[in-house]
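These notes concern the structure reproduced below.
Computed over heavy atoms, backbone and side chain alike; hydrogens, waters and symmetry mates excluded.
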Amino acid sequence: MVFSMDKWMGKIAIITGASSGIGAAIADALVEEGLTVVGVARRSERIEKRAKQLSTKKGKLYSFKADVTKEDDVLKVFEWTKNNLGIVHVLINNAGKGAGNNLTEGKTEEWKSVLDLNVLALCTMTREAVKFMKENKINGHIIHINSIFGHRVYDIPNVNVYPASKHAITALSETLRHELKHQGLKIKVTSISPGLVESELTTLNENITPERKLYLESRAVLKGEDIADGVVYVLSTPEHVQIEELTIRPIGEMF
């Protein structure tokens with residue numbers, strides 16, 4: 001099997017949650033590989049800053065300010081991209097969040113916020129990407145940044161609805177593959193499930209409880225760049241090869 005990113009040179013990728021952590025690392029990696037990347041986030045000024053830092057690379061990074069839990073914002077992302085850059089070939093659904101409470105004492109609005117971003121926003125972004133790829137006969141690639149929590153619920157305090165939201169991504173990935181097959185579309189779908197990754201949601205979060213902080217400090221941690229390497233790997237597969245699920249853990253970490 002020959003791995004190559006050449007087919008994506010100059011093509012357009014949209015990444016949600018691109019202002020920090022895994023999303024920022026993926027944006028960096030794809031720009032290095034020569035893609036035109038639209039980084040979507042509410043903190044778009046962070047992406048603008050990174051775009052200047054990446055200005056000498058083969059690809060180019062653009063910033064788009066949006067809240068992907070709002071359907072109007074999602075539609076604007078794709079409309080702006082089409083009108084200013086072209087048709088999307090790659091979508092990376094990375095935006096996600098957790099809530100620092102539990103199921104027996106948590107707040108409904110916090111749970112809803114998690115599900116709106118981790119599940120419904122992913123669905124809306126995916127629907128629009130497939131629509132554009134189908135209309136333009138593009139064999140694109142959709143990547144969901146999932147989690148090991150999307151396959152098993154671990155005994156960790158205050159994860160509340162987060163595992164449920166990630167299990168939904170696992171089901172949605174498989175459902176989408178079935179739909180695309182029945183429509184005769186050759187759009188690849190990959191779920192990437194990392195273990196614990198250094199980010200503002202985990203080890204860099206200044207607002208976590210002492211209990212959660214102590215737990216995180218005891219675990220082996222991945223870097224955002226490790227997940228970005230996984231994204232490049234699945235994108236570099238030949239046209240006839242689809243990596244359906246990629247799990248990335250720190251060595252020795254069984255969780």
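- In terms of modelled atom types and a separation under 3.5 Å, the side chain of Asp226 and the main chain of Lys223 share a donor-acceptor contact.
- Asn160 places a side-chain N or O within 3.5 Å of a backbone atom of Asn158 that can act as its donor or acceptor partner.
- Ring planes of Phe149 and Tyr162: perpendicular class, angle over 60° (limits at 30 and 60°).
- One finds the CZ atom of Arg177 at 11.0 Å from the CG atom of Leu172 (value rounded to the nearest 0.5 Å).
- Using a 4.0 Å cut-off between a side-chain N of Lys or Arg and a carboxylate O of Asp or Glu, Lys131 and Glu128 qualify as a salt bridge.
- The backbone N or O of Gly17 sits less than 3.5 Å from a side-chain atom of Asn94, completing a donor-acceptor pair.
- Looking at heavy atoms from C-beta onward, Asn118 lies out of side-chain contact with Val161 at the 4.5 angstrom threshold.
- The shortest distance between side-chain heavy atoms of Met5 and Val232 falls below 4.5 Å.
- Under a hydrophobic clustering in which Ile, Leu, Val, Met, Phe, Trp and Tyr are joined whenever their side-chain heavy atoms come within less than 4.5 Å, directly or via other members, Val231 and Leu122 fall into different clusters.
- Residues Tyr62 and Val37 fail the side-chain proximity criterion, which asks for heavy atoms closer than 4.5 Å.
- Heavy-atom minimum distance, Val197 versus Gly224: CG1-N, 3.9 Å.
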Any chance you could lay out the salt bridge (charged side-chain N to carboxylate O under 4.0 Å, His left out) test for Glu179 and Arg127, step after step, and finish with the verdict?
CA-CA 11 Å; Glu179 288 190 12; Arg127 181 193 66 202; over 6 Å; no
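- Side-chain contact between Met1 and Pro238: present, with at least one pair of heavy atoms (C-beta onward) separated by less than 4.5 Å.
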Derivation of the side chain to side chain contact (heavy atoms under 4.5 Å, CB included) call for Leu235 and Leu30
CA-CA 10 Å; Leu235 285 174; Leu30 296 192; 3.8 Å; yes
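- In the hydrophobic cluster analysis, where Ile, Leu, Val, Met, Phe, Trp and Tyr join through side-chain heavy atoms closer than 4.5 angstrom, Trp80 is grouped together with Val68.
- For the pair Leu120 and Thr69, the minimum side-chain heavy-atom distance is 4.5 Å or more.
- His141 and Ile187 get closest at one heavy-atom pair: N-CG2, 4.3 Å.
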Would you sort out whether Lys82 and Ile87 count as a side chain to side chain contact (heavy atoms under 4.5 Å, CB included), showing the intermediate values?
CA-CA 5 Å; Lys82 182 182 75 170; Ile87 302 304; 3.9 Å; yes
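- A donor-acceptor pair under 3.5 Å is formed between the side chain of Gln242 and the backbone N or O of Val189.
- Taking both residues in full, the closest heavy atoms of Ile47 and Ala41 are given as CD1-CB, 3.8 Å, listed atom of the first, atom of the second, then distance.
- Considering NZ of Lys57 and CD of Glu32, their distance stands at 4.0 Å, rounded to 0.5 Å.
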Please evaluate residues Lys11 and Ile138 with respect to the criterion side chain to side chain contact (heavy atoms under 4.5 Å, CB included), reporting the C-alpha separation (whole Å), side-chain torsions for both, the decisive distance (0.1 Å), and the verdict.
CA-CA 11 Å; Lys11 299 297 192 298; Ile138 290 171; over 6 Å; no
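- Contact detail for Thr16 and Ala95: the closest heavy-atom pair is OG1-N, 2.9 Å.
- The local environment of NZ in Lys7 is crowded, with over 12 non-hydrogen atoms from other residues, nucleotides or ligands closer than 6.0 Å.
- Across Met133 and Gly140, no two heavy atoms sit closer than the pair SD-CA, 3.9 Å.
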Step-by-step side chain to side chain contact (heavy atoms under 4.5 Å, CB included) determination, Ile243 to Tyr233
CA-CA 9 Å; Ile243 305 295; Tyr233 165 66; 3.9 Å; yes
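- When all heavy atoms of Trp8 and His89 are compared, the closest pair comes out as CZ3-CB, 3.8 Å.
- How far CG of Leu61 is from CG of Asp28: 7.5 Å, rounded to the nearest 0.5 Å.
- Clustering ILVMFWY residues whenever any of their side-chain heavy atoms sit less than 4.5 angstrom apart, transitively, puts Leu117 in the very cluster that holds Ile14.
- Between Ser63 atom OG and Glu45 atom CD the span is 8.0 Å, to the nearest 0.5 Å.
- No continuous path of hydrophobic side-chain contacts links Leu85 to Val90 [ILVMFWY only; heavy atoms under 4.5 Å].
- Under the 3.5 Å distance criterion, the side-chain polar atoms of Asp73 are matched with a main-chain donor or acceptor of Asp67.
- Side-chain contact check for Glu33 versus Ser236: every heavy-atom pair is 4.5 Å or farther apart.
- The side-chain heavy atoms of Gln53 and Lys49, taken from C-beta on, include a pair separated by under 4.5 Å.
- Put simply, the residue from His151, Arg249, Lys166 that forms a side-chain hydrogen bond (donor to acceptor under 3.5 Å, both in side chains) with Ser193 is His151.
- Salt-bridge formation is not detected for the pair Lys112/Glu109: no Lys NZ or Arg NE/NH1/NH2 atom is positioned less than 4.0 Å from an Asp or Glu carboxylate oxygen.
- Note: Thr170 OG1 to Arg152 CZ = 14.5 Å, rounded to the nearest 0.5 Å.
- Under the 4.5 Å side-chain contact rule for hydrophobic residues, Ile227 and Val234 share a cluster.
- A distance of 8.5 Å separates CG in Leu75 from OG1 in Thr124, rounded to the nearest 0.5 Å.
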